[in-house]
Amino acid sequence: MSSLLQGVNLYLIGMMGVGKTTVGRLLAKQLAYGFVDTDDVIAQAAGKFINQIFDEEGEAAFRQLESDVLSQVCAFTKLTIATGGGIVLRRENWSYLHHGLIVWLDAPVEVIYSRLADDTTRPLLQDSDPQEKLRSLLEQRQPLYAQADIRIAIAQEETPEQIATRVIEAIPSVLKKPVSH
Ligand SMILES: Nc1ncnc2c1ncn2[C@@H]1O[C@H](COP(=O)(O)OP(=O)(O)OP(=O)(O)O)[C@@H](O)[C@H]1O
Ligand SMILES: O=C(O)C1=C[C@@H](O)[C@@H](O)[C@H](O)C1
Ligand SMILES: [Mg+2]
């Protein structure tokens, strides 16, 4: 499969908590690719947790850092890149994402909520009604996520390993066939 991909990067997009980081690591291993998590790169570069950046500098500053990181990452090849859930919001990010194959991990709000109910590290979920907040974020973002090359619909009981396998199985259907002469 990695030879079929010819070094093209895989970008995982989707809602917070859907498993981009978890599945991304597995995919990188299976493809013998490097792994990058844009949230981790931002946190390391800033020397702060993501929620601290949101608190102290605001969401707009975070989004700028996110675009900066993405623009740098897309200059490399053979990477699986787990993005932040809001990467799809800025139009300029799509020009970077389209350097590679874009995979949307899509799970129902109930599945995501069951994973993140006790989580305090996602700033946008520090809300009086986090499940409703997830619902409205997904409604707003769904048309953007839908621009991905591949959509993987995830069920509650699916393990990260099973999801990674489904991503790998879906790749050939979207790769351009070599031109035969
Ligand atoms: N298929 C799965 N089954 C059960 N738990 C999972 C699965 N995938 C991820 N998780 C768990 O859900 C939580 C969120 O996963 P993860 O951090 O990979 O999501 P994410 O999409 O990267 O979120 P964010 O956009 O906030 O970075 C973690 O605790 C992870 O262990
Ligand atoms: O969905 C979002 O907007 C976010 C998701 C996380 O990956 C982080 O990038 C941050 O918490 C914002
Ligand atoms: Mg993540």
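Please read these numbers as outputs of a predicted model, since none were measured by experiment. Counting starts at 1 for both ligands and their atoms, following the listed order. The chain is numbered in sequence order, starting from 1.
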**Student:** What distance do F49 atom CZ and E56 atom CD have between them, rounded to the nearest 0.5 Å?
**Tutor:** 11.5 Å
**Student:** Closer than 4.0 Å to some heavy atom of G85 - which atoms of ligand 1 meet that?
**Tutor:**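 Answer, ordered by atom number: 25 (O).
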**Student:** Which residue holds the protein heavy atom closest to atom 9 (O) of ligand 2, what is that atom called, and what is the gap in Å?
**Tutor:**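 Residue, atom and distance for the closest contact: D39 OD1, 2.7 Å.
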**Student:** Answer whether the closest heavy-atom distance between the side chains of V73 and Y96 falls below 4.5 Å.
**Tutor:**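 Not in contact.
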**Student:** Which protein N, O or S atoms sit under 2.8 Å from the Mg ion (ligand 3)?
**Tutor:**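 As for protein N, O or S atoms lying under 2.8 Å from the Mg ion (ligand 3), they are T21 OG1.
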**Student:** Name the option, out of E161, M15, R115, R122, that contains the heavy atom nearest to atom 3 (N) of ligand 1.
**Tutor:** R115
**Student:** Measuring from non-hydrogen atoms of P160 to any atom of ligand 1, is the shortest distance under 4.0 Å?
**Tutor:**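 Yes; P160 lies near enough to ligand 1 that a heavy-atom distance drops under 4.0 Å.
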**Student:** Does some side-chain heavy atom of V41 sit less than 4.5 Å from a side-chain heavy atom of V36?
**Tutor:**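 Yes; the side chains approach each other to less than 4.5 Å.
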**Student:** Rounded at 0.5 Å granularity, tell me how far CG in D39 sits from OG1 in T83.
**Tutor:**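 So the CG of D39 and the OG1 of T83 are separated by 8.0 Å.
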**Student:** Heavy-atom distance under 4.5 Å between the side chains of M16 and D119, does that happen here?
**Tutor:**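 When only atoms from C-beta onward are counted, D119 and M16 do not touch, as no gap falls below 4.5 Å.
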**Student:** Quick one: look up the protein heavy atom nearest atom 11 (O) of ligand 2 and list residue, atom name and how far away it is.
**Tutor:** P123 CD, 3.3 Å
**Student:** Can you find an N or O of Q156 that's nearer than 3.5 Å to an N or O of ligand 1?
**Tutor:** no
**Student:** Assess whether side-chain contact (heavy atoms from CB on, under 4.5 Å) is satisfied between Y33 and T77, documenting all intermediate values.
**Tutor:** CA-CA 9 Å; Y33 266 27; T77 58; over 6 Å; no
**Student:** Any idea which protein heavy atom is nearest atom 1 (N) of ligand 1, and the distance to it?
**Tutor:**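 Checking every protein heavy atom, the shortest distance to atom 1 (N) of ligand 1 gives E158 O, 2.9 Å.
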**Student:** Would you kindly specify which portion of R141 sits under 4.0 Å from ligand 2, judged on non-hydrogen atoms: side chain, backbone, both or neither?
**Tutor:** side chain
**Student:** Show which atoms of ligand 2 fall inside a sub-4.0 Å distance from at least one heavy-atom site of F62.
**Tutor:** 9 (O)
**Student:** Heavy-atom contacts with I163 under 4.0 Å: which atoms of ligand 1 show up? List them by number with element.
**Tutor:** 1 (N)
**Student:** Quick one: look at T159 and ligand 1, take heavy-atom pairs under 4.0 Å, and tell me if it's side chain, backbone, both or neither.
**Tutor:** backbone
**Student:** Using 4.0 Å as the upper bound for N to carboxylate O, is an ion pair formed by E169 and R166?
**Tutor:**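 Judged by the 4.0 Å cut-off on N to carboxylate O distance, R166 and E169 do not form a salt bridge.
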**Student:** In sequence, state the C-alpha distance, the side-chain angles, and the governing distance for T121 and I50, and then conclude on side-chain contact (heavy atoms from CB on, under 4.5 Å).
**Tutor:** CA-CA 7 Å; T121 64; I50 299 292; over 6 Å; no
**Student:** How far is atom 5 (C) of ligand 2 from its nearest protein heavy atom, and which residue and atom name does that atom have?
**Tutor:**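 Minimum-distance protein heavy atom for atom 5 (C) of ligand 2 reads G85 N, 3.2 Å.
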**Student:** Go through the steps for Q142 and M15 under the test side-chain contact (heavy atoms from CB on, under 4.5 Å), then give the verdict.
**Tutor:** CA-CA 9 Å; Q142 205 148 24; M15 287 288 284; over 6 Å; no
**Student:** Counting each atom of ligand 2 from 1 as listed, which ones have a heavy atom of G84 under 4.0 Å away?
**Tutor:**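 With G84 as reference, the close atoms of ligand 2 come out as 7 (O), 9 (O).
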**Student:** Specify the protein heavy atom at minimum distance from atom 22 (O) of ligand 1: its residue, its atom name, and the distance to 0.1 Å.
**Tutor:**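 Its nearest protein heavy-atom neighbour is T21 OG1, 2.8 Å.
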**Student:** Do S67 and N93 get their side chains close enough for a donor-acceptor pair, meaning under 3.5 Å?
**Tutor:**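 Yes, N93 and S67 have a side-chain donor paired with an acceptor closer than 3.5 Å.
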**Student:** Give the atom numbers and elements of ligand 2 that come within less than 4.0 Å of a heavy atom of L124.
**Tutor:** 2 (C), 3 (O)
**Student:** Would you indicate whether the side-chain heavy atoms of E110 and R135 approach each other to under 4.5 Å?
**Tutor:** yes
**Student:** Quick one: does any side-chain atom of T38 pair with a main-chain N or O of G84 as donor and acceptor, under 3.5 Å?
**Tutor:** yes
**Student:** Any idea which atoms of ligand 1 are less than 4.0 Å away from a heavy-atom of D39?
**Tutor:**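 With D39 as reference, the close atoms of ligand 1 come out as 27 (O).
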**Student:** Between CD1 of I87 and CG of L144, what distance do you get to the nearest 0.5 Å?
**Tutor:** 12.5 Å
**Student:** With heavy atoms of G86 as the reference, note each atom of ligand 2 found under 4.0 Å away.
**Tutor:** 1 (O), 2 (C), 3 (O)
**Student:** Should the proximity of E59 to ligand 2, defined as any heavy atom under 4.0 Å, be assigned to the side chain, the backbone, both, or neither?
**Tutor:** neither
**Student:** Show which atoms of ligand 1 fall inside a sub-4.0 Å distance from at least one heavy-atom site of T22.
**Tutor:** 9 (C), 15 (O), 16 (P), 18 (O), 30 (C)
**Student:** Do G17 and ligand 1 have an N or O pair less than 3.5 Å apart?
**Tutor:** yes
**Student:** Would R63 and E57 pass as an ion pair if we require N to O under 4.0 Å?
**Tutor:**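 No salt bridge links R63 with E57.
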**Student:** Checking W104 against V18 for the side-chain contact (heavy atoms from CB on, under 4.5 Å) test, could you report, in this order, the C-alpha distance in whole Å, the side-chain angles of both residues, the deciding distance, and whether it holds?
**Tutor:** CA-CA 10 Å; W104 172 23; V18 78; over 6 Å; no
**Student:** Atoms of ligand 2 less than 4.0 Å from M16 heavy atoms?
**Tutor:** 1 (O), 2 (C), 5 (C)
**Student:** So for ligand 1, is G19 a polar contact partner (N or O within less than 3.5 Å, distance only)?
**Tutor:** yes
**Student:** Any idea which protein heavy atom is nearest atom 25 (O) of ligand 1, and the distance to it?
**Tutor:** K20 NZ, 2.6 Å
**Student:** Considering heavy atoms of the protein only, find what lies nearest to atom 10 (C) of ligand 2 and give residue, atom and distance to 0.1 Å.
**Tutor:**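 Result: I50 CG2, 3.9 Å.
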**Student:** Take a 6.0 Å sphere around CD of E92 and say whether it holds more than 12 heavy atoms from other residues, nucleotides or ligands.
**Tutor:** yes
**Student:** Output the distance between atom CG (L27) and atom OG1 (T165), rounded to the nearest 0.5 Å.
**Tutor:** 8.5 Å
**Student:** Is it the side chain, the backbone, both or neither of N51 that has a heavy atom closer than 4.0 Å to ligand 2?
**Tutor:** neither
**Student:** Rounded at 0.5 Å granularity, tell me how far CG in D149 sits from CD in Q147.
**Tutor:** 10.5 Å
**Student:** Below 4.5 Å, heavy atoms only, C-beta onward: do L70 and Y11 meet side chain to side chain?
**Tutor:**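 Yes, side chains in contact.
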**Student:** Tell me whether R63 has any N or O atom under 3.5 angstrom from an N or O of ligand 2.
**Tutor:**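 Yes, there is a polar N/O contact under 3.5 Å.
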**Student:** Among all the protein's heavy atoms, is there at least one whose distance to atom 29 (O) of ligand 1 comes out below 4.0 Å?
**Tutor:** no
